[in-house]
Amino acid sequence: MDLGGHSSPSQSCERDAAPERLSNGEVAPPSRLPPMSSESSINDTTTSTEATSTIPVDAWQCPPPCDLDFDNTPGPLVVGQALQAFHSDGTGLPPPRSNPGTNQSIVKAVRFSPDGTCLLTASEDHVLRVFELPHDLLLPRPSLPLPPPPPLPSLPEWAPCLACPEGEAIYDQAWYPRMDARSDPLSACFLSSSRDHPIHLWDAYTGGLRASYRAYNHMDELTSAHSLAFTPGGDKIFAGFERILRVFDTARPGRDHEDRPTRPHKRSPERGLNGIISTIAFSPLDAAPGMFVAGSFSGSMALYDYRMRGDSLLLWPDPHQGQGLTTLRLSYDGRLLFSGARKNGHVHCWDLRKGTLLSSFARNASSNQRLGIDLDPAGRFLATGNRGEGKALVYDLSTGKEVAGLGPLKDTASDVSFHPYAGLVAVGMGERHWEFESEDDEEEEILGEGVMAGGGGEEKEGVTSTSWSSGVRLFRVPLAKQSSGGGELM
């Protein structure tokens, strides 16, 4: 089953149906749109031409994943950044809700779109931002050498093309997996969940709200999803709540959903996931059909088959010494599982066939902050967020050794995302630093950090909060000589 940006040379670039426009002018969810005809173009849709991509449609060819070479000199180079967009004096978009005592907003998550045209960020100011990538970074140019990037002070500053404000702290976000903005603009959409709000489906062209998916508890009160994931085909939405997974039909917004309890109740003797379901992951290419994994803040994780209801296929009751799971990733072949937890200094690699631990990759994760992980499109490298060292870490999965540090960064690397084909890596920056004021005005001592996994937190008397340098930096990685990516990129 093909996903945008992960096609092999022999695979076509066809995508599933994208959302249709209803008679009242609203946009229906993606799975209800009939396939566009070959004569259709972007300008034929009801989406305004001003919102379409700047990349020429006739210049687009769906490239295969590239083979990266982190050992090549000069290594990963910074080619772009977005810093001012996360400051209150930024780009003309709605000013971010700043942390107390600062004008910056911490970047909590970064995600490249499946077709590689956009970058989605979630930040602590409760705003989702979409950045459009310059086309010269995406088009292959095999005849040109890689020019050196400008010095850091002269890097081009990106401005977001869209800002979608949520009402409260953002918990999770997910791109529609069949997104192909160049041929099916209505497939350009993404999900988000936030505190005390329903799940929202946003239009990545207009920034408008397309649909909402609501879940209610036994008191008929709205409950918020702490984690989100589309099925590989995009027809279902899996959302994580406390001791339960709720499954929504993408084509049916509203409160209709299927409940799949992960444990009957908190003190049940039956095996299963307890606590809040904090992270959900499907195989990126659906290499293991029907399989997905879920983890909880109680510290356990489990493997399921979404085609069947019932108990988990595998259960890890304590994979990270009791620390809450924050990030899960499945390998592209569906055989390996990578897990990360808060206040735990390792990313673990698990064999899904036996459930055994294969290896661990060190990182600094000594706070409650969610630090993201990602795999490169060829499945050779693992990148992970890292705290306090000014860089994100990259490991070679074949040797288990660290091969690169993505930096310099002026703060914690909160999240990482590999581009599906262009040899680019986006790194989000930011952490909340608490400074406790001393009774003696002449002496102040920084005692530590208070970072909440869900973002946010209340200001306390005598405490100030400062973010050293929040934002996003984009790195270009050299391609291997025998790369299938079609040559070097600008």
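In this text, all values refer to a predicted model and were calculated from it rather than measured experimentally.
Under the 3.5 Å distance criterion, the side-chain polar atoms of Ser193 are left unmatched by any main-chain donor or acceptor of Ile199. Distance alone, capped at 3.5 Å, is enough to place a donor-acceptor pair between the Tyr213 side chain and the Thr250 backbone. Although no hydrogens or angles enter the test, the distance criterion places a donor-acceptor pair under 3.5 Å between the side chain of Asp203 and the main chain of Thr206. Checked by atom type and distance alone, the side chain of Ser113 pairs as donor or acceptor with a backbone atom of Cys118 at under 3.5 Å. Not a single donor-acceptor pair under 3.5 Å links the side chain of Glu166 to the backbone N or O of Ala122. When atom types are taken as modelled, the side chain of Ser194 and the backbone of Gly167 share no donor-acceptor pair closer than 3.5 angstrom. Side-chain atoms of Arg363 never come within 3.5 Å of backbone atoms of Thr384 as a donor-acceptor pair (strictly under, hydrogens ignored). With hydrogens and angles disregarded, no donor-acceptor distance shorter than 3.5 Å links the side chain of Arg473 to the backbone of Leu406. Using modelled atom types, no side-chain atom of Thr412 and backbone atom of Glu431 make a donor-acceptor pair closer than 3.5 Å. Judged purely by atom type and a 3.5 angstrom limit, Asp115 uses its side chain to pair as donor or acceptor with the backbone of Ala181.
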ask   = For Arg210 and Leu186, what are the C-alpha separation, side-chain angles and deciding distance, and is it a side-chain contact (heavy atoms from CB on, under 4.5 Å)?
value = CA-CA 11 Å; Arg210 288 189 180 180; Leu186 296 182; 4.2 Å; yes
query = Can Ser212 and His200 be said to form a side-chain contact (heavy atoms from CB on, under 4.5 Å), step by step?
reply = CA-CA 5 Å; Ser212 295; His200 289 152; 3.3 Å; yes
Full working for side-chain contact (heavy atoms from CB on, under 4.5 Å) between Leu245 and Ile280 = CA-CA 10 Å; Leu245 290 165; Ile280 305 170; 3.7 Å; yes
request  = In sequence, state the C-alpha distance, the side-chain angles, and the governing distance for Phe338 and Leu328, and then conclude on side-chain contact (heavy atoms from CB on, under 4.5 Å).
outcome  = CA-CA 6 Å; Phe338 299 86; Leu328 295 174; over 6 Å; no
inquiry  = Run Phe418 and Phe381 through ring-ring contact (aromatic ring centres under 6.0 Å, His included) and show every step you take.
reply    = CA-CA 10 Å; Phe418 281 98; Phe381 300 100; 7.7 Å; no
key: Derivation and outcome, ring-ring contact (aromatic ring centres under 6.0 Å, His included), residues Phe230 and Tyr176   = CA-CA 7 Å; Phe230 278 106; Tyr176 177 58; 5.6 Å; yes
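The side-chain heavy atoms of Arg129 and Leu162, taken from C-beta on, include no pair separated by under 4.5 Å. Counting only heavy atoms from C-beta outward, the side chains of Met179 and Thr117 approach each other to under 4.5 Å. Between Tyr306 and Lys236, the closest side-chain pair of non-hydrogen atoms is not below 4.5 Å. Between Val293 and Met301 there is no side-chain heavy-atom pair separated by less than 4.5 Å. Residues Phe86 and Thr121 form a side-chain contact, since some pair of their non-hydrogen atoms from C-beta on lies under 4.5 Å apart. Within the 4.5 Å cutoff, no side-chain heavy atoms of Arg246 are placed close to those of Glu258. Counting only heavy atoms from C-beta outward, the side chains of Phe241 and Asn217 never approach each other to under 4.5 Å. At least one side-chain heavy atom of Leu120 sits less than 4.5 Å from a side-chain heavy atom of Leu128.
Using cut-offs of 30° and 60° on the angle between ring planes, the pair Trp158 and Phe131 is tilted. Taking the six-membered ring where the residue is Trp, Phe292 and Tyr304 present parallel rings, their angle staying beneath 30° rather than reaching 60°. Between Trp202 and Phe190, the ring planes are parallel. Angles under 30° get that label, and only those over 60° would be called perpendicular. Taking the six-membered ring for Trp and thresholds of 30 and 60 degrees, His226 and Tyr171 have nearly parallel ring planes, at less than 30 degrees apart.
Taking CZ of Arg342 as the start and CZ of Phe297 as the end, the distance is 5.0 Å to the nearest 0.5 Å. One finds the CZ atom of Arg214 at 13.0 Å from the NE2 atom of His257 (value rounded to the nearest 0.5 Å). To the nearest 0.5 Å, atoms CE (Met429) and NZ (Lys410) are separated by 8.5 Å. Atoms CG and OG, on Leu330 and Ser339 in that order, are 10.5 Å from each other to the nearest 0.5 Å. Rounded to the nearest 0.5 Å, atoms OG1 (Thr327) and CD1 (Ile373) are 5.5 Å apart. If you take CD1 on Ile170 and NE2 on His126, they are separated by 7.5 Å, rounding to the nearest 0.5 Å.
By the 4.0 Å N-to-carboxylate-O rule, Asp415 lies too far from Arg370 to be salt-bridged with it.
Counting all heavy atoms, side chain and backbone alike, Pro160 lies closest to Ala85 at CD-CB, 3.6 Å.
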